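Take a look at the structure set out below.
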Amino acid sequence: MLPFFAVLSVLEPPAASIHSRAEGGVMEVMLWLKLGIETLGAIIIAVGVISAGWLLVKSFAKRDAANFTAIRLTLARYLALALEFQLGADILSTAIAPSWEQIGQLGAIAVIRTALNYFLSREMKEEQEELNPEKKIVDRADT
């Protein structure tokens, strides 16, 4: 009977190695997910630059210099969306950061990206209000 239990103990991995393998698997999935989210953010930026570039070329072709605010707003919308994705990837990174130093770096990056997104959103709102001055008049008339 003793040799049977000896064989079972060899076949059954210790709980620590199961935990290590599970933790490694979760970290691997998180890294791939983070990479996918960062890639999506980069694709959004690329699409925004291409879109704004196309609008700029069309504006130059028409010799319409007054349309630059609309072009800036178009690019700003894409950048704000991409920043949200990048921030999401940073937050995901905190789940797998093994040291306090890495968590601190991720936190600093998250604060910078959040501040960028805040100021970009504020500028977009101001530009949109300048682009639609009649909306202010209508809003004042409604109140």
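No experiment lies behind these values; they were computed from the predicted model shown.
Scanning both residues, K34 and A89, for their nearest heavy atoms gives CG-O, 3.8 Å. What you find for I71 and A52 is that their closest heavy atoms are CG2-O, 3.6 Å. In terms of heavy atoms, A76 sits closest to L120 at O-CD2, 3.6 Å. Scanning both residues, G41 and A82, for their nearest heavy atoms gives O-CB, 3.4 Å. The two residues Y78 and V47 have their closest heavy-atom pair at CE2-CG1, 3.7 Å. Residue I37 comes nearest to F85 through the heavy atom pair CG2-O, 3.1 Å, listed as atom of the first residue, atom of the second, then distance.
The line from CG of L83 to CG of D90 is 10.0 Å long, rounded to the nearest 0.5 Å. Taken from OG1 in T39 to CD1 in I44, the straight-line distance is 11.0 Å, to the nearest 0.5 Å. Interatomic distance, S99 OG to Q105 CD, rounded to the nearest 0.5 Å: 7.5 Å. We find the CG-CG distance between L55 and L73 to be 11.0 Å, quoted to the nearest 0.5 Å. Distance check, rounded to the nearest 0.5 Å: CG of L92 to CG of L31 gives 8.5 Å. L106 contributes atom CG, which lies 10.5 Å from atom CG of L87 (distance to the nearest 0.5 angstrom).
The environment of CZ in R72 is sparse: at most 12 heavy-atom neighbours from other residues, nucleotides or ligands sit within 6.0 Å. Other residues, nucleotides and ligands contribute at most 12 non-hydrogen atoms within 6.0 Å of the CD atom of E101.
Under the 4.5 Å side-chain heavy-atom criterion for Ile, Leu, Val, Met, Phe, Trp and Tyr, L75 and Y118 are members of distinct hydrophobic clusters. Cluster annotation: L40 and I45 are assigned to distinct hydrophobic clusters (Ile/Leu/Val/Met/Phe/Trp/Tyr, side-chain heavy-atom contacts under 4.5 Å, transitive). A single hydrophobic cluster is seen to contain both L116 and V49, as judged by linkage of ILVMFWY side chains at heavy-atom distances under 4.5 Å, directly or through other members.
Checked by atom type and distance alone, the side chain of S121 pairs as donor or acceptor with a backbone atom of N117 at under 3.5 Å. Between the E38 side chain and the Q86 main chain, no donor and acceptor come within less than 3.5 Å of each other.
Side-chain contact between E23 and V26 is absent, with no heavy-atom pair separated by less than 4.5 Å.
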